[in-house]
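Here's the structure we're looking at; comments come further down.
Letters go in sequence order (proteins before strands), and every chain restarts at 1.
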Number of protein chains: 2
Amino acid sequence: MNPYIKRIKDASNQLNPEIFAELEEVFVDKKFSKGAYLLRPGQICSSHLLIKEGIARKFYFNGHKEITTEIYFHDDVAVSLDSYIMQKPGDVFIEALTELEVTIIDYGRFHKLTHKYPEVMMLDKMFIEYYAVWFEQRLKEFQTMDASQRYLSLLEKEPKIIRFLPVTIIASFLNVSLETLSRIRSKMTSE
Amino acid sequence: MNPYIKRIKDASNQLNPEIFAELEEVFVDKKFSKGAYLLRPGQICSSHLLIKEGIARKFYFNGHKEITTEIYFHDDVAVSLDSYIMQKPGDVFIEALTELEVTIIDYGRFHKLTHKYPEVMMLDKMFIEYYAVWFEQRLKEFQTMDASQRYLSLLEKEPKIIRFLPVTIIASFLNVSLETLSRIRSKMTSE
DNA sequence: CCGTAAATTTGATGTAGGTCAAATAATCAT
DNA sequence: ATGATTATTTGACCTACATCAAATTTACGG
């Protein structure tokens, strides 16, 4: 498991049961059908979305080109960071790629707990740390790897993505054209 | 001013004077001469480095190629995030590009305060949030802009970088070859 | 099943930006 | 200053990947 995720799990397991119970009150489960948008540009991201079941992605438009920034699976947390932190309208879509079950953690109610219990703020901080390092590593991949290497790295880290998603979305996540991704794939299977 | 920086400044100004005083005790000033390394690969990043005077950068080697990830000026905070958070050896250099004065905020002593005062943890969290969003935006630039656009964007946001630093370093920050950067520049001045 | 639409592959061609090499220009020590 | 060293520019060429277009495969509603 990712060491940052492990760190968060450990910390939440060590939470005093009373706090944990209060925390769970803030959680609201919800289902979305395939293709539904959990967030759209212009909306304020008012919650963390913890994925229980299914796959989702975050993407934005650059002109006519879709850029997929994140793909979420079980236990991942989907959030539009800038919009969430500053509570201002964002510019991304969060989309259900399959039937989806999520736990919604409301911003306002969560923040109250954050101020009531330092442990909860710590947990919140750990999430942000995970995000920051995740982005740093992803940036590094773009700065040091070519398209094939990024594909290989993804294949290794998230084989699920490759198995279940159409090339369009994988290509947009790797920031290459779908034609290029197709060629990378055919070259790899032929070797 | 960057809204995240403003947010941090506002919060630290609202800090109760007693806490502020305790916080200042943790601060230690230090000078470095041009070319000195404040951090090297293999070392654990055990402090935040707040730049008081001068310019610094963070970089790492990818094979023989240097990649500059950040360039720091007055009031910026230099830290190797992954190494700092997990307190494990990192793989980056932090280098003084000029004569440099920094305020060192020691990890251990700062963390004690973080647990003593929720306000301080909040401040710490805000720093991480700033970092996370900074990385997200930088990633976006690589995904949506070509070399000239990245140069223009840097010129606009950080004209100081362009004025005071050699092409080698700017090029490595923009992730282009120095030759390409040189051509971009000559094309721009001729137009 | 079959026809149609969507997804994927394959091919031809263009271009941004890399690499290597040489030419200037700037910096610096004696 | 003057030579030596380092930084920057310029030129020739090459490669990874984009784009456009067509072919093929897959999925899917009737």
Does a side-chain N or O of [X] approach OP1 or OP2 of [N] to a distance below 4.0 Å, or not?
{"X": "B:Thr168", "N": "D:dT8", "answer": "yes"}
{"X": "B:Ser186", "N": "D:dT10", "answer": "yes"}
{"X": "B:Ser177", "N": "C:dG17", "answer": "no"}
{"X": "B:Ser182", "N": "D:dT9", "answer": "yes"}

Could you state the atom-to-atom distance from [atom1] of [X] to [atom2] of [N] in whole Å?
{"X": "B:Glu179", "N": "D:dA12", "atom1": "CD", "atom2": "P", "answer": "15 Å"}
{"X": "A:Lys34", "N": "D:dC28", "atom1": "NZ", "atom2": "C1'", "answer": "12 Å"}
{"X": "A:Asn175", "N": "D:dC17", "atom1": "CG", "atom2": "P", "answer": "11 Å"}
{"X": "A:Phe142", "N": "D:dA16", "atom1": "CZ", "atom2": "P", "answer": "18 Å"}
{"X": "B:Leu181", "N": "C:dA16", "atom1": "CG", "atom2": "C1'", "answer": "15 Å"}
{"X": "B:Asn62", "N": "C:dG18", "atom1": "CG", "atom2": "P", "answer": "14 Å"}
{"X": "A:Lys187", "N": "D:dC17", "atom1": "NZ", "atom2": "C1'", "answer": "11 Å"}
{"X": "A:Tyr151", "N": "D:dA16", "atom1": "OH", "atom2": "P", "answer": "19 Å"}

Nucleotide nearest [X] when distance is taken to its side chain, options [options]:
{"X": "B:Asp146", "options": "D:dC17, C:dT8, C:dA16", "result": "C:dA16"}
{"X": "A:Val176", "options": "D:dT9, C:dG18, D:dA18", "result": "D:dA18"}
{"X": "B:Ala147", "options": "C:dG17, C:dT9, D:dA18", "result": "C:dG17"}
{"X": "B:Leu178", "options": "C:dT9, D:dT8, C:dT19", "result": "D:dT8"}

Check whether the side chains of [X] and [Y] place a donor and an acceptor atom closer than 3.5 Å, and report yes or no.
{"X": "B:Tyr131", "Y": "B:Glu70", "result": "yes"}
{"X": "B:Tyr117", "Y": "B:Glu22", "result": "yes"}
{"X": "B:Glu141", "Y": "B:Ser153", "result": "yes"}
{"X": "A:Thr103", "Y": "A:Asp29", "result": "yes"}

>> Quick one: does any side-chain atom of B:Ser182 pair with a main-chain N or O of B:Leu178 as donor and acceptor, under 3.5 Å?
In response: no
>> Looking at B:Arg183 and D:dG11, is any side-chain donor or acceptor paired with a base atom of the opposite kind under 3.5 Å?
In response: yes
